[in-house]
Engineer: 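Submitted below is the structure of interest, expressed as structure tokens.
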Amino acid sequence: MKILKLNTISAVADEVFKGYEYSDGVQDPDGIMLRSFAMHDYPLGDRLLAVARAGAGVNNVPVQKCTEKGIVVFNTPGANANAVKELVLCELFLGGRKIVDGANWAQTLKDKDDVAKLVEKGKSKFVGQEILGKRLGVVGLGAIGAAVANAAIELGMNVVGYDPFISVKSAWLINHRVEFTADLTEIFKTCDYITLHVPLTPETKELIDKKTIAMCKDGVVIINNARGELVASEDVIEAVAAGKVSRYITDFPDQSLLGKENIICVPHLGASTPEAEDNCAYMAGKQLVDYLENGNISNSVNYPAVSMPRTSTSRVCVHHTNIKEILSKILAIVASQGINVAHMQDSSKGEYAYLILDLDEKPATSCLELIKNIAGVIRVRMI
């Protein structure tokens with residue numbers, strides 16, 4: 001098997017891919033590992049089976065094109081959650097206290113006489129507020145949002161979370177003192193701090209704009225470490241200048257935000273820790289190997305989670321569209337060859353589905369060709 005890395009990947013992946021041809025010079029790969037490489041114009045060879053991103057967002061991957069070709073796209077939700085959580089906690093303090101402004105001002109005192117006296121005289125310009133007892137709204141309660149909510153509770157904040165799509169797993173992990181709301185406007189109207197942890201979709205683009213900012217409490221602090229486009233930059237700039245938003249902190253600088261008072265731009269440092277990079281690389285690599293060797297899918301953004309232990313002679317994996325009777329047609333072809341199905345699992349995700357068949361005998365190439373020719377079948381692979 002050949003794995004191409006399109007970015008520098010943590011060395012922990014080297015051990016995961018031991019025995020594979022794994023480098024940045026691989027040609028015609030079976031799998032791709034990447035972080036931020038923009039793949040939208042990248043050729044998707046017929047041999048390519050999967051793309052694994054060592055991170056959560058997949059905006060740099062042509063997901064729909066991959067789906068149509070039966071290429072599984074993996075991400076690593078939660079692998080960098082602690083790193084991003086810690087940055088958000090830092091930003092909560094930066095939002096309430098004028099630490100950045102004060103530190104920058106202190107640098108101007110170099111080579112001046114009696115620095116201590118100047119500090120005592122000038123520090124009143126940088127008075128801030130504590131976060132203890134303040135109300136934090138967490139929009140999105142996935143791995144990162146849940147971790148932020150729990151940490152903020154322990155810091156003495158009152159936390160309310162919003163996530164209409166929260167998973168059972170995330171819900172179990174959230175501190176019982178975190179309030180939940182089904183009405184996003186409650187967060188806008190009642191919170192002193194708001195932090196965003198949702199993916200960028202047509203529905204969430206410019207979630208923070210003139211209209212939603214107008215609902216907010218005066219002096220609200222808005223933190224965005226999810227995606228820059230979740231916030232309408234010009235609207236938040238205007239709101240900060242007017243004092244409606246006391247501070248906007250984002251991990252996604254753009255030209256319009258730079259140099260503005262009370263807007264803090266962090267250079268996309270959310271997952272920039274060795275620990276997070278190791279976690280993401282290991283998780284992405286293990287998922288990719290399990291799929292290439294066993295056909296199992298976990299944490300895919302375009303195909304459903306389907307996983308079974310290997311117990312039979314042969315395994316056949318089928319990517320197909322989610323249409324009626326396609327499964328019965330596949331099984332009919334297998335039965336017509338006199339082959340027993342020992343185990344099977346089929347699941348769908350939107351318009352697409354994935355099937356694993358464990359068979360007691362190895363099917364002939366002609367059998368696989370018959371399955372490939374069924375209308376709606378995208379890809380067939382025997383392992």
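Values below: every heavy atom of this structure, side chains too, minus hydrogens, waters and symmetry copies.
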Engineer: Do T313 and D360 have side chains that get closer than 4.5 Å, going by heavy atoms?
Structural biologist: no
Engineer: Between the side chain of N373 and the main-chain N/O of E369, is any donor-acceptor distance below 3.5 Å?
Structural biologist: yes
Engineer: Should I174 and V148 be regarded as members of a common hydrophobic cluster, given that ILVMFWY residues are connected when their side-chain heavy atoms come within less than 4.5 Å of each other, either directly or indirectly?
Structural biologist: yes
Engineer: What distance do N150 atom CG and N175 atom CG have between them, rounded to the nearest 0.5 Å?
Structural biologist: 5.5 Å
Engineer: Answer whether the closest heavy-atom distance between the side chains of I71 and L44 falls below 4.5 Å.
Structural biologist: yes
Engineer: Hey, is K260 close enough to E238 for a salt bridge, meaning N to O under 4.0 Å?
Structural biologist: no
Engineer: Indicate the ring-plane relationship of Y22 and F17, choosing parallel, tilted or perpendicular according to the 30° and 60° boundaries.
Structural biologist: tilted
Engineer: Does the pair R315/D358 count as a salt bridge with the N-to-O cut at 4.0 Å?
Structural biologist: yes
Engineer: Would K349 count as a cation-pi partner of Y354, with NZ or CZ less than 6.0 Å from the six-membered ring centre and within 45° of the ring normal?
Structural biologist: no
Engineer: Would a hydrophobic clustering, with Ile, Leu, Val, Met, Phe, Trp and Tyr connected at side-chain separations under 4.5 Å, put V138 with I213?
Structural biologist: no
Engineer: Is R381 positioned over the aromatic face of Y291, cation under 6.0 angstrom from the ring centre and no more than 45 degrees off axis?
Structural biologist: yes
Engineer: Is it true that the side chains of T181 and D183 contain a donor and an acceptor less than 3.5 Å apart?
Structural biologist: no
Engineer: Under 3.5 Å, side chain of N7 to main-chain N/O of R35, donor-acceptor pair present?
Structural biologist: yes
Engineer: Check for a donor-acceptor pair, side chain of N299 on one end and backbone N or O of N75 on the other, with a separation under 3.5 Å.
Structural biologist: no
Engineer: Would you compute the distance between atom CZ of R53 and atom CZ of F37 and round it to the nearest 0.5 angstrom?
Structural biologist: 13.0 Å
Engineer: With a 4.5 Å limit on heavy-atom distance, are the side chains of I378 and K69 in contact?
Structural biologist: no
Engineer: Find out whether V316 and M382 are in side-chain contact, i.e. whether some heavy atom of one side chain is under 4.5 Å from a heavy atom of the other.
Structural biologist: yes
Engineer: Would you say CG of D46 has more than 12 non-hydrogen atoms from neighbouring residues, nucleotides or ligands within 6.0 angstrom?
Structural biologist: no
Engineer: Do T204 and R227 come within less than 4.5 Å of each other through their side chains, counting heavy atoms only?
Structural biologist: no
Engineer: Quick check: are there more than 12 heavy atoms from other residues, nucleotides or ligands sitting under 6.0 Å from CD of Q64?
Structural biologist: yes
Engineer: Please round to the nearest 0.5 Å and tell me the distance separating atom CG of L94 and atom CG of L89.
Structural biologist: 11.0 Å
Engineer: With a 4.5 Å limit on heavy-atom distance, are the side chains of H320 and D346 in contact?
Structural biologist: yes
Engineer: Taking all heavy atoms of A152 and all of V159, pick out the closest pair and write down the distance.
Structural biologist: CB-CG2, 3.7 Å
Engineer: Under 4.0 Å between a Lys/Arg side-chain N and an Asp/Glu carboxylate O for K65 and E68?
Structural biologist: no
Engineer: Roughly how far, to the nearest 0.5 Å, is CD1 of I208 from OG of S233?
Structural biologist: 12.0 Å
Engineer: Are V72 and L34 linked, directly or through other ILVMFWY residues, by side chains that come within less than 4.5 angstrom of each other?
Structural biologist: no
Engineer: Anything under 30° is parallel, anything over 60° is perpendicular, the rest tilted; go ahead and classify H268 against F252.
Structural biologist: tilted
Engineer: N225 pairs by side-chain hydrogen bond (donor to acceptor under 3.5 Å, both in side chains) with which of H197, K85, E91?
Structural biologist: E91
Engineer: Test side chain to side chain donor-acceptor pair (under 3.5 Å) on N82 and E86; report intermediate values, then the result.
Structural biologist: CA-CA 6 Å; N82 186 70; E86 289 186 3; 3.0 Å; yes
Engineer: Rounded to the nearest 0.5 Å, how far does CD1 of I249 lie from CG of N262?
Structural biologist: 9.5 Å
Engineer: Is it the case that the side chain of Y303 and the backbone of V73 share a donor-acceptor pair, with hydrogens and angles ignored and the cut-off at 3.5 Å?
Structural biologist: no
Engineer: To the nearest 0.5 Å, what is the distance between CD (Q337) and CG (L368)?
Structural biologist: 9.5 Å
Engineer: If you measure from the Lys or Arg side-chain nitrogens to the Asp or Glu carboxylate oxygens, is any gap between E179 and R135 under 4.0 Å?
Structural biologist: yes
Engineer: Under a 3.5 Å distance rule, please check whether N294 uses its side chain to pair with a backbone N or O of P309 as donor and acceptor.
Structural biologist: no
Engineer: Under 4.5 Å between side-chain heavy atoms, hopping through other hydrophobics if needed: is there a path connecting V51 to I9?
Structural biologist: no
Engineer: Should we count CZ of F126 as having more than 12 external heavy atoms under 6.0 Å?
Structural biologist: yes
Engineer: Please test E120 against K117 for salt bridge (charged side-chain N to carboxylate O under 4.0 Å, His left out), starting from the C-alpha separation and ending with a verdict.
Structural biologist: CA-CA 5 Å; E120 289 304 312; K117 185 176 181 179; over 6 Å; no
Engineer: Count the heavy atoms of every other residue, nucleotide or ligand shown that sit under 6.0 Å from NZ of K324, and state whether that count exceeds 12.
Structural biologist: no
Engineer: Take K211 and E206, measure what salt bridge (charged side-chain N to carboxylate O under 4.0 Å, His left out) needs, and give me the verdict at the end.
Structural biologist: CA-CA 10 Å; K211 182 179 178 181; E206 297 192 348; over 6 Å; no
Engineer: Shared ILVMFWY cluster between V318 and M344, side chains joined below 4.5 angstrom?
Structural biologist: yes
Engineer: Within the structure provided, determine whether Y20 and D30 are in side-chain contact (heavy-atom separation under 4.5 Å).
Structural biologist: no
Engineer: Would you find more than 12 non-hydrogen atoms of other residues, nucleotides or ligands less than 6.0 Å from E325 atom CD?
Structural biologist: no
Engineer: When you check the gap from the basic side-chain N to the acidic O, do R310 and E293 get nearer than 4.0 Å?
Structural biologist: no
Engineer: What's the shortest heavy-atom distance between A276 and A83, and which atoms?
Structural biologist: CB-CB, 3.7 Å
Engineer: So, the side chain of N322 versus the backbone of E351: is there a donor-acceptor pair under 3.5 Å, distance only?
Structural biologist: no
Engineer: Kindly indicate whether the side chain of C265, heavy atoms from C-beta on, has any atom under 4.5 Å from the side chain of T250.
Structural biologist: yes
